[in-house]
Every structure is written in C-alpha cells, then in structure tokens.
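Computed from a prediction, not measured in an experiment: that's the story for all the values here.
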Amino acid sequence: MEKIRQLVGELMNSNLFATFVGGVFGALLYAIQKKMNFWQSLITVTTGGAGAVFLAPLIVTWAGLGHNPNIYAGIGFVTGMLVKEVAEIVIKILDELEKNPAFLVDLIRNGCKVKYLSK
C-alpha cells in the first residue's frame, strides 16, 4: 500500500500529470462552449488531454518557460482547448491534398489564406 501511495504522490507532482489535467479541463471547456453531445465531448476531452501531454512539453521547452508544474498545467490547458481546432485544420489540408496535390503550393503562394480551408 505504501508503494502505491508513493507512486501516486510522484504522479501528482509530475509535469505530465499537470499537463494532462490542464489539457482535459481545456478540452472540457471547449466541448461545453461548442455544446457537444456526450460522445463528442468524451472524444474531445480524451484527445485534448492526450494532445496536451504530447505537445505542451515541446512548447514549454521551445519557449524556455522552465519546468514548473503550474506552467505545464497552463500550457496543457491552452493546448487542450486548441488541439481539436488544429486537428480539424490539418484534416482539411490533408483532404484537399488528396484531391489536389498542387494545393499545398497554391496555399503557400497565396500566403496561407484561410479561404482554402473554409470549404
């Protein structure tokens, strides 16, 4: 039992746990804002937490923000909110590339205009 308590204590103090919780709450706020149903919300919260765990450490390291769990939680929150939007944009780009391989060249030439992604 003591071993379990020790593992839970280490988990609670880790940056990844703070990042995951931040991502989950960010994604939950996003799901509430978009008035998603239960299953959509569940998928959004799961992907928000997972996306935060993968992306937030990269952002923190790249920006040189330090290794404080509060910073990880905050970046995780923002990442959790945005990961679904970014994923939708990437999917639209990939769908368009499948239809029109020259799409990427056109997108770059036109300064990454959003009109290409709003179809």
Quiz prompt | Straight-line distance of Lys84 NZ to Thr47 OG1, nearest 0.5 Å | solution = 6.5 Å
Quiz item: Heavy atoms, side chains only, cut-off 4.5 Å: are Ile75 and Pro57 in contact?
Solution: no
Exercise. Establish whether Leu42 and Leu29 are linked, either directly or via other cluster members, by ILVMFWY side-chain heavy-atom contacts under 4.5 Å.
Key: no
Quiz prompt | Asn15 versus Asn68, closest heavy-atom pair with distance | solution = OD1-C, 3.9 Å
Quiz item: Cluster question for you: counting only ILVMFWY and a side-chain heavy-atom cut-off of under 4.5 Å, with indirect links fine, are Leu82 and Val60 together?
Solution: no
Self-check item: ILVMFWY cluster, Val86 and Leu55 together (side-chain gap under 4.5 Å)
Solution: no
Quiz item: Considering all heavy atoms of both residues, which atom of Ala52 and which atom of Gly76 are nearest to each other, and what is their separation?
Solution: CB-O, 3.6 Å
Quiz prompt | Residue pairs, two or more places apart or on separate chains, that pass side-chain hydrogen bond (donor to acceptor under 3.5 Å, both in side chains) and touch residues 56-66 | solution = none
Quiz item: Say you draw a straight line from OG1 of Thr19 to CZ of Phe77; how long is it, rounded to the nearest 0.5 Å?
Solution: 13.5 Å
Quiz item: Any salt bridge between Lys92 and Glu88, counting N to O under 4.0 Å?
Solution: no
Self-check item: Within one Ile-Leu-Val-Met-Phe-Trp-Tyr cluster: Val53 and Val45, side-chain cutoff 4.5 Å
Solution: yes
Quiz prompt | Interatomic spacing from CG in Leu28 to CE in Met36 - rounded to 0.5 Å | solution = 10.5 Å
Exercise. Determine which pairs satisfy side-chain hydrogen bond (donor to acceptor under 3.5 Å, both in side chains) with at least one residue from residues 22-41, sequence neighbours left out, and list them in order.
Key: Tyr30-Glu85
Practice problem: Please name the pair of heavy atoms, one in Gly48 and one in Ala27, separated by the smallest distance, quoted to 0.1 Å. | Solution: CA-CB, 3.8 Å
Quiz item: In Å and rounded to the nearest 0.5 Å, what is the OG1 to OH distance from Thr79 to Tyr72?
Solution: 11.5 Å
Practice problem: Any chance you could measure Phe54, atom CZ, to Phe20, atom CZ, to the nearest 0.5 Å? | Solution: 11.0 Å
